[in-house]
Each structure stands twice: as C-alpha cells, then as structure tokens.
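Worksheet: the structure to be examined is printed underneath.
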2 protein chains.
Amino acid sequence: MTPPDTTPPDRTRRNRADEPPSQPAFVEHDHHACSGRALEHAERMVREAGLRLTPVRRRTLEILLEEHRALGAYDVLARLAEDGFGNQPPVAYRALDYLVEKGLAHRIRRLNAFAACMAPGHEGAPVFLICGECGCVAELPAEDIAGRLAAAAGGVGFSVERLSIEAKGTCPSCRDNAGGRTCP
Amino acid sequence: MTPPDTTPPDRTRRNRADEPPSQPAFVEHDHHACSGRALEHAERMVREAGLRLTPVRRRTLEILLEEHRALGAYDVLARLAEDGFGNQPPVAYRALDYLVEKGLAHRIRRLNAFAACMAPGHEGAPVFLICGECGCVAELPAEDIAGRLAAAAGGVGFSVERLSIEAKGTCPSCRDNAGGRTCP
DNA sequence: ATCCGTAATATGATATTATTACATATTCGA
DNA sequence: TCGAATATGTAATAATATCATATTACGGAT
Ligand SMILES: [Zn+2]
Ligand SMILES: [Zn+2]
Ligand SMILES: [Zn+2]
Ligand SMILES: [Zn+2]
C-alpha cells in the first residue's frame, strides 16, 4: 500500500538558531512569520528531499497555515473548490494525507480534523493542546514524554509506531478573559 | 461470530492476591476473570455510587468486555439490536457515552471505536496500545506521564481537562508469529 | 520525438461514524 | 398522585471517510 517513497526524514539539520521555537499558538505572536517559517520548511523539503508539492497540496498547506486551528477535511475541501480545484472528498483527503505523511500537517483525532505543523522538522511526536473554547490548537514538543512512553510500551513487549497525544482544555487567553475569544 | 469463548486453560495466572494488575491484554490470561473483575467493579458502582446500569448499558458493557478490542458504535448497535434493543444509532451512542462518562469504557479516537475499561478505578488517563495487526487494545496505566504532561501544558498556561494518549504499533504476539493472529 | 509506466487528479458513488429532534416510557421524589 | 427528571425508541440527517474508475501529467527509456 505505502508507496516506495525513499525520502529519508533527515534530522541532520536543526532549524535556524535565532528563531524562537514556534510559540505555543495562543500566545501573541507574529503569525505571518510563523506560517512563513512553515512554508519555507516545505520549500526546503521540495528542494532537498524530493517532496512533490503540487498545487493542490501547496494550497492545502496554505489553508491550514492560516490559523492555529484544526480544519475538517470538508472545510478544506470547500476552500479548495473555491480556488478551482476539485470538490470531491478525495481531493482534500489525498492532499491532507500526503501532508500528514510528510510531517507538514497533523491529524487531530479528537477533532476529526487537520492542522498544519507549526514546528516542522521536530520529528518527535508532539503533544496537541486543544482549547475547547476558541478551538485553537497548540503544538508542544514532547520528545521526552514520547520516549518515556515508548519505553513503557516496550516494557510489555509492544513496539510503538505512531503516537498521538492530545489534551483538551482551556488556553490561557480563554481562561483570562472568559468568553472573550481572543485566541488565534 | 467467534463461538463464545472457551476460557483458555490458563496456566499463566498470577495468583489473584489483592488486585491482579490487569494484564496488558495481549499476554495470555484468564479473560473470564479479567472481564468479570470489570463487571464486578460496575456492580460495586451501582451499589455505592448510584450508577444506573440499565439493561442496555449493562449489555453494552458486556459486549465490550468480550474482547480486548475496540468496537465501533455500529458494531455494538448491531449486537444490541440482536438482543431486542433499539436499532437506531442513538441507542448505542447513548449507552457508550454513559459508560465512558462513568469511566467504564474508553473511546479510542484513532479507531473511532470504544473499548471497555479493563482497569476500572484507575481514574488516570491511560495509555492505549493499539496493535495494527490483530486490533487488540491494551490499556497501560500512566499517571506519571499524564502528570508530566499536565505540568508541561501548565508551563505555557494551558489547563488540561481531558487527555488521550494512543499508540499504534505491534503487540508482542503479532511480532513473534508474524501474521499468526493469535492475540486476543 | 515516441512510448511506457508511475503518480496524481477528477468524479461519482458508497461506506462509516455521529448528531438532532421528537415522541414515548419509566423512575423517583415531593 | 402528580410532576420532574431520566431513559428509551425511532426517524431523519449531518459529518466524516473510503472505494472504484477513468483520465491526465510527467518521468525515463527506447
Ligand atoms: Zn502562528
Ligand atoms: Zn482558547
Ligand atoms: Zn482479558
Ligand atoms: Zn496484535
């Protein structure tokens, strides 16, 4: 099923040092730079890892990058259709699945939705913090937790291949001005 | 489908001293005792916590307890209908939601499915180990990880309310006799 | 240039999962 | 016994996801 695909993830390069490691989404930040960084990462993968960022895929990524929020496949599909792409479910699912596979987006299972990866290159299962009020989704690095988890699983003979850690709760913005809806 | 379980002659049973800490599901064990324990826990809640384990709910729990596997809501619904209960989706969803709310079952988001809680009373977000081969679902206690996670989230001002940790991979049974399908 | 194989896309249909709405029945306490 | 809360049955529909098939775009090899 899985296509051959010989693009190694290559973790040989840490991102540029001076960049603050991608704010937790609900703190005030320059989102234009934030999404730009993610897009740059994708471009770099195009050049260096043979990524095929076709128009649909690229547009899908852009759409996801607009907000720190997860979009349902059908939301994405509607946006794609507006832009002249196909309007059948597989159009969106294909693009989304591809992005997820390449680590440029994540699937948020609790929401049945997809979010752009805002910390590209991290290569470790992130933790998603989902605010139940404003719907913003923050991505927290959690290599240590993932490692600890894999170890615990290994202890009972289970080998982990994919890991999803999702926390639903309240983001600081929403907690402070309750009902304010200031987040993303 | 599979004839109702011939409770394998367990030679691997740890003596049930106080609380046999609920085997990881894919190790050979006396599942009859395993599910019985969960059912007992439910009964105790009925007596001590005013739980209302109506016929549908009880039957739903029994169905989930049959195997260490997650069942889709519609699978459960079909079983319920066989037994003379309603055959419309809300019948299953209501019962399942109730069980989840009371901690007697879990929702496995990665599978869009539900599994009985095999370690009732734990009350800490468990880790689910989902075998991609045989579909068995094991539940590992992970209070420490949950706590660590909540701390990390709190560090950025996010307060966690619900947490789901799900790992997909391969269980020891399936890894050993590859393709053997011996698990639960 | 032409051919061929693979990947990507378009489209229609179908499958699966989940919710809403409302009517009826039951339980439980004043 | 009455009324409120809870639970169930049923129909309709929404939301999410996959399948099947045909067509097109784009390599590399003749
Ligand atoms: Zn941003
Ligand atoms: Zn928020
Ligand atoms: Zn068991
Ligand atoms: Zn297995």
Side-chain angles (χ1 to χ4, degrees), chain A residues 1-7 45-46 49-61 64 69-102 104-115 135 164 166, chain B residues 42 45-46 49-61 63-64 69-102 104-115 135 164 166 168:
Chain A
M1 220 14 128
T2 22
D5 177 74
T6 53
T7 60
M45 283 183 71
V46 169
L51 192 76
R52 301 180 64 169
L53 201 58
T54 63
V56 216
R57 291 168 180 170
R58 188 191 172 96
R59 186 76 193 104
T60 301
L61 180 56
L64 290 182
R69 185 173 309 182
L71 289 181
Y74 281 73
D75 298 327
V76 171
L77 179 57
R79 298 287 307 275
L80 288 175
E82 280 177 14
D83 295 346
F85 296 98
N87 70 339
Q88 298 297 316
V91 172
Y93 279 101
R94 266 196 307 258
L96 289 167
D97 288 346
Y98 183 86
L99 293 176
V100 168
E101 185 188 317
K102 300 304 179 186
L104 296 173
H106 299 288
R107 186 166 198 158
I108 313 294
R109 313 217 72 121
R110 180 174 283 270
L111 301 177
N112 289 324
F114 299 81
S164 57
E166 302 174 358
Chain B
M45 284 183 71
V46 168
L51 190 77
R52 300 185 61 174
L53 200 58
T54 62
V56 216
R57 291 168 181 169
R58 188 192 172 93
R59 187 75 194 106
T60 301
L61 180 55
I63 290 169
L64 290 182
R69 184 173 307 182
L71 288 181
Y74 281 74
D75 298 327
V76 172
L77 179 57
R79 298 284 309 273
L80 289 174
E82 279 176 15
D83 295 346
F85 296 99
N87 70 337
Q88 297 298 317
V91 172
Y93 279 102
R94 275 195 294 246
L96 289 166
D97 289 345
Y98 183 86
L99 294 176
V100 168
E101 185 188 318
K102 301 302 182 187
L104 296 173
H106 299 288
R107 185 167 200 158
I108 313 295
R109 311 216 76 118
R110 180 175 283 269
L111 301 176
N112 289 323
F114 300 81
S164 57
E166 301 174 357
K168 188 175 169 208

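Chain letters run A, B, ... following the sequence lines, proteins first and then strands; every chain starts at 1.
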Donor-acceptor pair, distance only, cut-off 3.5 Å: does the side chain of A/E166 make one with the backbone of A/I108?
no
Indicate the atoms forming the closest heavy-atom contact of [X] with [Y], along with that distance.
X	Y	value
B/R52	B/Y98	N-OH, 3.1 Å
B/R69	B/G135	CG-O, 3.4 Å
A/N87	A/V91	N-CG2, 4.5 Å
A/A73	A/Y93	CB-CZ, 3.4 Å

Would you mind reading off the distance between [X] atom [atom1] and [N] atom [atom2], rounded to a whole angstrom?
X	N	atom1	atom2	value
A/L96	D/dT16	CG	P	12 Å
A/D75	D/dA17	CG	P	11 Å
A/L77	C/dG12	CG	C1'	14 Å
A/L80	C/dT11	CG	P	13 Å
A/D83	C/dA10	CG	P	12 Å
B/L71	C/dT17	CG	P	11 Å
A/R109	D/dA17	CZ	C1'	11 Å
A/L111	C/dA18	CG	P	13 Å

Walk along nucleotides 5-14 of chain D from 5' to 3' and tag each nucleotide B, S or - by protein heavy-atom contact under 4.0 Å, base first, then sugar-phosphate.
-SSBBBB---
Distance below 4.0 Å between B/N112 side-chain N/O and C/dA18 OP1 or OP2:
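Yes, B/N112 has a side-chain N/O under 4.0 Å of OP1/OP2 on C/dA18.
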side-chain contact (heavy atoms from CB on, under 4.5 Å) partner of B/T60, chosen from B/V76, B/L53, B/L77, B/L104:
B/V76
For A/R107, which contact category applies under a 4.0 Å heavy-atom criterion: base, sugar-phosphate, or nothing?
sugar-phosphate
